[in-house]
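Each chain gets a letter, A, B and so on, in the order the sequences are listed, and its residues count up from 1.
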There are 2 protein chains.
Amino acid sequence: MAPPNSSGVDNPMSEFPSAPTKLQVLRASNLLNSLTEDQISEVAGASHLAYVERGEIIWLTGNTVDFFGVVGLGFVKMTTTTAAGQDVTTELMGPGQVFGLLGAVDGSGCPQCARAVCNSWYLKVPKRIFMPIFQENVVLKEHLIRRTTNRLRNSHKLITRLSSAKVDQRLASILFMLADSYGVSDGNRLVIQVPLTRQDLSEMAGTTVETTIRVMSQWQKLGWVETQSKTIVILNEGALSALL
Amino acid sequence: MAPPNSSGVDNPMSEFPSAPTKLQVLRASNLLNSLTEDQISEVAGASHLAYVERGEIIWLTGNTVDFFGVVGLGFVKMTTTTAAGQDVTTELMGPGQVFGLLGAVDGSGCPQCARAVCNSWYLKVPKRIFMPIFQENVVLKEHLIRRTTNRLRNSHKLITRLSSAKVDQRLASILFMLADSYGVSDGNRLVIQVPLTRQDLSEMAGTTVETTIRVMSQWQKLGWVETQSKTIVILNEGALSALL
DNA sequence: CAAAGAATATGACGACCGTCATATTGGGGG
DNA sequence: CCCCCAATATGACGGTCGTCATATTCTTTG
């Protein structure tokens with residue numbers, strides 16, 4: 001994958017999203033922005049911006065990699081493939097979010113696959129450079145506890161939904177979760193600025209593409225949601241909430 | 001609940017399990033045993049052993065408590081109740097395991113309900129005493145990162161199962177997970193020393209009691225498992241594995 | 001020991017949704 | 001512009017398992 005224009009300037013002639021700078025990525029990370037300026041400079045200097053296209057695999061489950069990632073622009077999903085060949089998305093990482101750091105900290109490598117949801121930029125932070133900094137930084141450890149706790153909490157919520165909710169409830173719940181993190185209100189419209197296919201949604205909801213399409217199609221006909229190529233818009237929050 | 005004999009001596013006249021000592025509980029915790037001897041003594045001195053009976057609630061979701069728990073003897077399950085009134089167990093804490101500490105660390109209180117699976121002893125550790133010790137202890141923070149990461153990993157595994165596996169596969173998977181943590185090999189028998197009802201299993205497998213009973217009943221008829229009042233025994237690992 | 005309650009067992013029925021198939025639409029590339 | 005592929009839409013069918021009901025067994029309590 002030839003790197004596109006990474007000068008930080010939006011190039012209207014190019015289809016690629018403009019690359020953020022390494023410093024921008026690190027400063028946008030609410031986990032890593034607790035590093036000192038010197039440490040941020042050191043990490044930025046040793047890191048590399050990488051570009052991935054939609055669907056591209058960053059690493060596979062069980063791979064050994066010498067870096068962890070920070071999403072700069074776009075989204076990365078953490079997935080597991082079942083014995084039956086079905087993909088399950090356990091987490092979606094958006095801009096500023098770190099992925100793969102825990103594997104570095106506990107030496108377990110890559111317990112899940114990391115794959116780009118859309119064309120994205122991410123920062124590859126070398127473990128070799130980062131881990132000594134991590135070892136000396138108590139505040140970063142505290143932040144990591146909090147971040148990991150938050151992720152555990154979200155996992156518990158997902159478990160609860162998967163255990164008992166009907167598919168439509170699960171999908172509504174996912175839309176609200178996405179709106180919480182990546183939604184923008186625009187009048188009566190709640191615009192989820194994540195470019196997700198029905199396949200992506202189905203992997204998060206523990207169902208099949210066909211079922212996801214059916215539910216979303218019905219909601220579109222009812223005027224409850226609207227989808228465009230890069231967004232999902234919640235038009236009737238009340239109706240979706242009432243499903244829960 | 002009147003505290004039973006807590007002298008540390010097994011009383012054959014009593015139906016209550018014998019109480020461990022506070023020091024035993026702390027030393028058995030692979031998270032808390034990284035404290036210094038002085039800190040362990042301080043924590044033990046300020047803590048109280050508590051006894052709960054089967055089904056008893058230690059705290060409800062949303063409660064505010066001034067302690068976290070360490071299981072001494074028995075098991076505690078962390079549950080959420082759905083809008084439809086169904087209980088979902090996200091985690092099972094056994095002897096030596098800490099519950100509620102993350103709520104203390106991040107100030108979120110009790111995001112889940114803690115309930116005794118069987119008659120159990122646990123240590124109530126006052127947050128007021130513990131948190132200053134925690135703040136000064138980098139090794140404990142590192143251990144907590146690891147522990148929380150491990151729990152997050154296990155949650156991802158559960159999510160994967162719930163997303164796509166059939167009920168029998170889910171139950172088999174849960175039996176193996178339990179055997180991993182709490183199983184003892186005895187010849188060809190893998191004895192899971194956790195006293196779980198079909199209700200408990202169903203809450204962990206995201207299904208109903210009736211369905212759990214059907215599956216387990218069938219496996220008993222096939223000679224694959226055997227259940228007694230306090231244990232589940234895997235008799236045919238191969239057959240259960242083949243379901244996965 | 002007897003009674004009560006909890007846990008387990010089982011049957012009947014139907015709803016949810018997965019599977020398989022086919023058609024249509026939308027987006028990207030040449 | 002055309003072609004190809006991916007994404008979405010929809011139908012038919014059937015399997016899994018949830019729901020409701022009832023019976024039996026086991027455990028606990030007085």
Side-chain angles (χ1 to χ4, degrees), chain A residues 2 4 13-17 53-56 82 84-88 115-119 161-172 194-203 205-222 225-232 243, chain B residues 1-2 14-16 53-56 82 84-88 115-119 161-172 194-203 205-222 225-232 243:
Chain A
M13 306 252 185
S14 165
E15 302 285 6
F16 300 125
E53 301 217 316
R54 204 177 110 56
E56 200 172 325
T82 67
Q86 181 172 349
D87 281 350
V88 175
R115 188 189 290 262
V117 168
C118 54
N119 296 348
R161 278 194 321 255
L162 289 169
S163 287
S164 59
K166 295 286 191 314
V167 167
D168 59 352
Q169 292 168 325
R170 299 194 324 247
L171 284 163
V194 193
L196 293 171
T197 62
R198 301 293 184 266
Q199 176 73 31
D200 293 321
L201 287 174
S202 71
E203 287 170 15
T207 185
T208 59
V209 183
E210 291 93 341
T211 299
T212 303
I213 289 168
R214 281 184 227 277
V215 171
M216 293 293 287
S217 187
Q218 180 194 28
W219 288 348
Q220 283 188 122
K221 290 188 172 72
L222 289 169
V225 299
E226 178 180 291
T227 52
Q228 286 142 11
S229 65
K230 298 288 167 76
T231 58
I232 298 171
L243 294 175
Chain B
M1 178 67 240
S14 166
E15 300 286 4
F16 301 124
E53 302 219 312
R54 202 176 113 54
E56 199 171 327
T82 66
Q86 181 171 348
D87 281 350
V88 175
R115 187 189 294 258
V117 169
C118 53
N119 296 347
R161 280 194 320 255
L162 290 169
S163 286
S164 59
K166 295 285 188 323
V167 167
D168 59 352
Q169 292 169 325
R170 302 200 314 254
L171 284 164
V194 193
L196 293 172
T197 62
R198 301 295 185 266
Q199 175 74 29
D200 293 321
L201 287 174
S202 70
E203 286 171 18
T207 184
T208 60
V209 183
E210 290 94 341
T211 300
T212 303
I213 290 167
R214 280 184 229 278
V215 173
M216 292 295 286
S217 185
Q218 180 195 27
W219 288 350
Q220 282 186 123
K221 290 188 170 75
L222 289 169
V225 300
E226 176 181 292
T227 51
Q228 287 142 10
S229 64
K230 298 290 168 77
T231 58
I232 297 170
L243 295 175

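Contact between the side-chain N/O atoms of A:T211 and the OP1/OP2 oxygens of C:dG18 is found at a separation under 4.0 Å. Put simply, B:T207 has a side-chain N or O that comes within less than 4.0 Å of OP1 or OP2 on D:dG18. Dashed line: the shortest gap from a side-chain N or O of A:T197 to OP1 or OP2 of D:dA7 is not under 4.0 Å. For the pair B:Q220 and C:dA9, the criterion of a side-chain N or O lying under 4.0 Å from OP1 or OP2 is met. Contact between the side-chain N/O atoms of A:S217 and the OP1/OP2 oxygens of D:dT10 is found at a separation under 4.0 Å.
For B:Q228 and B:T231, the side-chain atoms include at least one donor-acceptor pair closer than 3.5 Å.
In this structure, A:Q199 atom CD and D:dA6 atom P are separated by 12 Å, rounded to whole Å. When rounded to the nearest whole Å, the span between CD of B:E210 and P of D:dT22 equals 14 Å. At whole-Å resolution of the value, CG in A:L196 and C1' in D:dA6 are 16 Å apart. Separating the CZ atom of B:R198 from the P atom of D:dC17 is a distance of 17 Å, rounded to the nearest angstrom. Rounded to whole Å, the distance from CD on B:Q169 to P on C:dG18 is 14 Å. Atom CH2 of A:W219 and atom P of D:dT8 are 15 Å apart (whole Å). Here C:dT24 presents its C1' atom at 12 Å from CD1 of A:I213, a figure rounded to the nearest Å. Taking atom CD on B:Q218 and atom P on D:dC17, their separation rounds to 11 Å, with Å as the unit.
Checked against D:dA6, D:dT16, C:dA12, the side chain of B:R214 finds its nearest nucleotide in C:dA12. Residue A:V167 has its side chain nearest to C:dC17 when only D:dT8, C:dC20, C:dC17 are considered. Comparing D:dT19, D:dA6, C:dC17 against the side chain of A:K166 picks out C:dC17 as the nearest.
Nearest heavy atoms, B:R198 versus B:T227: NH2-OG1, 3.2 Å. Here the shortest heavy-atom pairing between B:A172 and B:L243 reads CB-CD1, 4.3 Å.
How far CZ of B:R214 is from CG of B:D168: 13.5 Å, rounded to the nearest 0.5 Å. To the nearest 0.5 Å, the span separating OG on B:S202 from CD on B:Q199 amounts to 4.5 Å.
As judged by a 4.0 angstrom heavy-atom cut-off over every strand, B:K221 is placed among residues touching the sugar-phosphate backbone only.
Nearest-nucleotide assignment on DNA chain C puts the 5′-proximal partner with A:R170, out of A:R170 and A:Q228.
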